[in-house]
*Asks:* 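Got a structure for you, questions after.
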Number of protein chains: 2
Amino acid sequence: MAKGLETRQSILERAAPLFNQRGFAGCSMGDVMEATGLEKGGLYRHFESKEELAIEVLRYSLERATRIRLEAVPEGTRAIEAISRYIEHFVVAPSAVPGGCPLMNAAIDSDDGNPALRAVVRKHLCSWKKRMRSLVERAQTEGDVKTDVDVEWLADTIIATLEGALMMSRVERTRQPLRHAQRSLEVVFASVKTERSR
Amino acid sequence: MAKGLETRQSILERAAPLFNQRGFAGCSMGDVMEATGLEKGGLYRHFESKEELAIEVLRYSLERATRIRLEAVPEGTRAIEAISRYIEHFVVAPSAVPGGCPLMNAAIDSDDGNPALRAVVRKHLCSWKKRMRSLVERAQTEGDVKTDVDVEWLADTIIATLEGALMMSRVERTRQPLRHAQRSLEVVFASVKTERSR
């Protein structure tokens, strides 16, 4: 990796927990300079503004979170099993970036504010939903989920239940809400499985 | 109401949407002065610091949200019906304070930061769970929910599913994730209802 790209990547890595923990307004370019050891000129050579940096940091954090979550799902697994492993991994794994789920943090941070950040959040949520829908559709093709089930509903349910439970879990500092979410998703999936798959 | 208390109340009302939309770091005492038309001295006469103001604003917003949500549940209703009305109201009603759910916003804002704000969030989440548990327990006493059902699990499931869906709903600017959450909760409740109650 060229030196410039290396520095850029290292800024993203170091700034990611700062923005994820403190939010856009709570994190200054000064904080990033301190965390990276760069001078103002060095930092602005790579990112024109705090907004540009925040957007690139968010993309970096979301990609990292997605990659880590998908690694938990081995290739060649039946979709119904992949969904179950995905949920289990969400429940037990620590945050990909310190500070909790970057999607939820940035969603709350940007829903009334920064439209550029909100656009990144929106796009990522859309692709997360799409990934969940594809898994459910594959489970239908494989004969494990009934074909008349609304895949949009199931995809939304997986994401909403896990994200809401993660918020509670971070407030309470226990995994119990996440375990409870897993149990609720099992109940929901039991209602859509084919006879054969139960 | 005495003049001093009136001013204090009016500061809380005007500052509530600011803190709820922008978060603790994103909202300054200057913003509050502008929104209330008060000078620095006038504002600090009522609240010693931004932290004290933020805490009182959060309490005000949480009480308001709770009151409005509970008003949707008429007295004398069977608990199973009260839960259903509570969920319906959460799905259709606009935020009690502009900027979305004050609990979720403050949770995300304070989970890595401000311990005093986090303590308010934690206490409120605890009492919200307690309220949901009491409703489920009453539904058990009234013979609508099976007596061997884990009430902690059900209480967590209601809150997590609704809060996660609200986050998605605010990103997408549609109510669909909330409607989907309502459907999922119906499926979960169908699995715990007594034969008689179905």
Side-chain angles (χ1 to χ4, degrees), chain A residues 17 20-28 98-101 103-113 118 121-122 124-126 128-129 150 152-173 176-181 183-185 187-188 190-192, chain B residues 17 20-28 98-101 103-113 118 121-122 124-126 129 150 152-173 176-181 183-185 187-192:
Chain A
N20 202 37
Q21 288 173 332
R22 302 179 194 175
F24 182 75
C27 181
S28 70
C101 174
L103 177 79
M104 182 158 52
N105 291 345
I108 298 302
D109 207 16
S110 69
D111 57 359
D112 301 289
R118 210 182 139 256
V121 169
R122 205 177 168 140
H124 183 81
L125 179 58
C126 186
W128 190 3
K129 285 170 76 148
D150 179 352
E152 288 266 0
W153 162 62
L154 267 184
D156 275 7
T157 297
I158 297 168
I159 299 173
T161 312
L162 290 176
E163 287 284 85
L166 180 61
M167 181 274 285
M168 295 171 77
S169 185
R170 288 183 58 79
V171 170
E172 297 177 3
R173 303 207 171 151
Q176 209 193 26
L178 284 163
R179 282 286 173 211
H180 285 161
R183 214 203 295 177
S184 308
L185 290 172
V187 170
V188 170
S191 80
V192 300
Chain B
N20 202 39
Q21 289 173 331
R22 301 179 195 176
F24 182 74
C27 181
S28 70
C101 173
L103 177 80
M104 183 160 49
N105 291 345
I108 298 302
D109 207 15
S110 68
D111 56 359
D112 301 289
R118 208 181 142 256
V121 169
R122 204 177 166 139
H124 183 82
L125 179 59
C126 186
K129 286 170 75 148
D150 178 352
E152 286 267 0
W153 163 61
L154 266 184
D156 275 7
T157 296
I158 298 169
I159 298 173
T161 312
L162 290 176
E163 288 283 84
L166 179 61
M167 181 274 283
M168 295 171 77
S169 185
R170 288 184 57 79
V171 171
E172 297 178 4
R173 302 207 172 151
Q176 210 194 25
L178 284 163
R179 283 286 173 211
H180 285 162
R183 214 203 294 178
S184 309
L185 290 172
V187 170
V188 170
F189 270 91
S191 79
V192 299

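In what follows, every chain begins at residue 1, and chains take the letters A, B, ... in the order their sequences are listed.
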*Asks:* Among A:Leu166, A:Leu103, A:Leu125, A:Asn20, who wins on heavy-atom pairs under 4.5 Å with chain B?
*Replies:*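 Going by pairs under 4.5 Å, I would pick A:Leu125.
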*Asks:* Side-chain contact, heavy-atom cut-off 4.5 Å: B:Trp153 with A:Val187?
*Replies:* yes
*Asks:* When only pairs under 4.5 Å are counted, which of A:Leu162, A:Leu154, A:Thr161, A:Leu178 shares the most heavy-atom pairs with chain B?
*Replies:*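 The option with the most such pairs is A:Thr161.
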*Asks:* Going by salt bridge (charged side-chain N to carboxylate O under 4.0 Å, His left out), name the residues that satisfy it together with B:Arg22, two or more places apart in sequence or in a different chain.
*Replies:* B:Asp31
*Asks:* Does the side chain of B:Asp150 come within less than 4.5 Å of A:Arg183's, by heavy atoms?
*Replies:*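 Yes, close enough: below the 4.5 Å cut-off.
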*Asks:* Applying salt bridge (Lys or Arg N to Asp or Glu O under 4.0 Å) as the test, list every pair that has at least one member in residues 156-165 of chain B; sequence neighbours left out.
*Replies:* B:Lys129-B:Asp156
*Asks:* Using a 4.5 angstrom heavy-atom cutoff, name the option from A:Ala181, A:Pro98, A:Ser184, A:Ala25 with the most pairs to chain B.
*Replies:* A:Ser184
*Asks:* Got a second to check how far A:Ile159's CD1 is from B:His180's NE2, nearest 0.5 Å?
*Replies:*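 So the CD1 of A:Ile159 and the NE2 of B:His180 are separated by 11.5 Å.
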*Asks:* Does B:Asp111 reach the side chain of A:Val171, with side-chain heavy atoms less than 4.5 Å apart?
*Replies:* no
*Asks:* Using a 4.5 angstrom heavy-atom cutoff, name the option from A:Arg179, A:Arg122, A:Met104 with the most pairs to chain B.
*Replies:*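 Most pairs with chain B among the choices: A:Arg122.
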*Asks:* Side-chain contact test, heavy atoms from C-beta onward, threshold under 4.5 Å: evaluate it for B:Met167 versus A:Met167 and give yes or no.
*Replies:* no
*Asks:* Measure distances from A:Arg170 to the heavy atoms of chain B and classify the residue's part below 4.5 Å as side chain, backbone, both or neither.
*Replies:*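 Both backbone and side chain of A:Arg170 come within 4.5 Å of chain B.
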*Asks:* Apply side chain to side chain contact (heavy atoms under 4.5 Å, CB included) to B:Ile108 and A:Asp109, showing your working.
*Replies:* CA-CA 9 Å; B:Ile108 298 302; A:Asp109 207 16; over 6 Å; no
*Asks:* For B:Ser191, is it the side chain, the backbone, both, or neither that has a heavy atom closer than 4.5 Å to a heavy atom of chain A?
*Replies:*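 Answer is side chain: those atoms of B:Ser191 sit under 4.5 Å from chain A.
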